Structures are given as C-alpha cells and as structure tokens.
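Since the structure comes first, as structure tokens, the remarks are kept for the end.
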Amino acid sequence: MAAGSGDAVPPPLAQRRVRRSPLLFTAPLVMLGVLTLVLVWESVRGNIAPDARAEWPWRLQVLDMEALGSLLAVAVGAVLARAQYARTVRPCLGWRGSWTKGHLRGDSQAWTVGVLNGGQHIATVESYECRVVLAGGDRHTCSRWTDISVAVTELGRAGLVVAEDFQLVELGVGFPLVGTSSYETVLMGAFSKKFVERVDALHVRIRVTDVVGDSHERTGDCMRGARANAHAPLD
C-alpha cells in the first residue's frame, strides 16, 4: 500500500462506509431510474389526444403499463432487499488492548492490541495502513499514512527495537476477518513500556470489503488506554 499524505485523524470510534459495490448497488438503482423515466413517458403519452399519438415522437411506445408496473415492482424490491441485506452483513470492526506477556523478547509486559469483526459475516482486508506520532509531535502534521514496513523503519530511527520494544503484525490484502460473537481478536501489535512512553499515538486505518462488495473503514489509536491507571501493567 502506498503511503498517504498527512491528514487529520478521523474519530477513533467511527466506522464508515467508503464505497458501495457498483454492480450490486448502482445497477439496481440505474434500472429503477430508467423504469421511472419510462413510466413518466408512458403516463404523458397516455394523456395526450389520440390524434397526437400518431405523430412522432408520441408514436414511440416503450412498454405497456402492465409490464412496466411489474418491472417497477421488481426493481423497487431489488433495491430494498439489497439495502436490507447490506445492513445484515455489514461488518462491525473493533479492537481492544491489554497488558500481557509472551509477545516480546524476555517475556516482559507488553500492551497488546487486537482487531475483531463483531458482525455476523466474514470481511476481507482491502487495505491496512498506520502512522506514527512520536511523543511531543503534532498529531495532524508530523506523520503520514504508511504500510507496516515504513512504520517499522520510522520507529527504528526513534531508537525502538523490533521484538524487544514492539511487534507490528501485517494484515495483508485479502486477510479474512471472520465474524465472531466471542470477541476473540486478531493480534495487530505488541508494545513495551518504553514504546508507550516514546510514542504518543500509533494510528491504524483498516479498510475491509464485506460479502456484498461494500467497503468499510475504521481508524483508531493502538496507544489508546495504554497509559490509563486502570490498565497499568503488573510488574
């Protein structure tokens, strides 16, 4: 994934739909629009004098009203059914973090963050980006959206060591996030106390595609909650 430009951070708790499937969303609406135009044409044509209907363009009859009514009912039903189904299969992206052991060298305490799909159906990763805001930096201008490899390099320049101070997990394109009711998360990263002190924010932006082809995006901060007293690591 190519690095993006530094822009304002969307609200961490907001999930938004960023794209609808052109085939499964746009096509039914186009069909409904065309049939509506035909209905208007036939309604106007049916209310003019019979003599005028013998002249062009009023001689053009696209569909008889009975067939047109049936097609309109089908089109409206398709649009409504698609909208309802899209709500049913919409993913619910979330993540949580806690201090645990076993993810960093030396079995030290680490702030581990995982992502989950709380929806009923599978969603596949479309893009996965992050950006680093070092302590004392400007959250909106000092960093840019990058892939994991660039973020690791940036953190290395800040004196943080992979496997000792942090681990970042790459969720590649096509990675499946299975809908779960058990709140079991997929590991995104593990971060030491030193990392938490030196990095003000680690924003992650994940975009997924659901089973009807719509794309959903959520942005959050992996450091959120790491400094709260209630989540303090156990020595």
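Only a predicted model underlies this, so the values are computations on that prediction, with no experimental measurement involved. Counting from 1, the numbers follow the sequence of the chain as shown.
- Considering only residues two or more places apart in sequence or on other chains, Phe195 meets the ring-ring contact (aromatic ring centres under 6.0 Å, His included) condition with Phe166, Phe191.
- The pair Arg17-Asp214 meets the salt-bridge criterion, since a charged nitrogen lies less than 4.0 angstrom from a carboxylate oxygen.
- By the 4.5 Å heavy-atom criterion applied to side chains, Trp99 and Val196 are counted as neighbours.
- Taking all atoms of both residues into account, the shortest heavy-atom contact from Cys92 to Asn117 is N-OD1, 3.1 Å.
- For the pair Val211 and Ile122, the minimum side-chain heavy-atom distance is below 4.5 Å.
- Under 3.5 Å, the side chains of His121 and Asp210 contain no donor-acceptor pair of N or O atoms.
- For the pairing with Glu129, the salt bridge (charged side-chain N to carboxylate O under 4.0 Å, His left out) check across Arg207, Arg218, Arg205 returns one residue only, Arg205.
- In plain terms, the two heavy atoms of Ser43 and Asn47 that are nearest each other are O-ND2, 2.5 Å.
- Under the 4.5 Å side-chain heavy-atom criterion for Ile, Leu, Val, Met, Phe, Trp and Tyr, Leu80 and Leu29 are members of the same hydrophobic cluster.
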**Request:** Begin from the C-alpha positions of Ile206 and Trp95 and carry the test side chain to side chain contact (heavy atoms under 4.5 Å, CB included) through to its verdict.
**Result:** CA-CA 11 Å; Ile206 182 171; Trp95 49 71; 4.2 Å; yes
**Message:** Set out, in order, the CA-CA distance, both residues' side-chain angles and the distance that settles side chain to side chain contact (heavy atoms under 4.5 Å, CB included) for Val133 and Val199, then state yes or no.
**Reply:** CA-CA 6 Å; Val133 182; Val199 177; 5.9 Å; no
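- Leu93 approaches Val208 most closely through the heavy-atom pair CD1-CG2, 4.0 Å.
- At least one side-chain heavy atom of Leu187 sits less than 4.5 Å from a side-chain heavy atom of Thr112.
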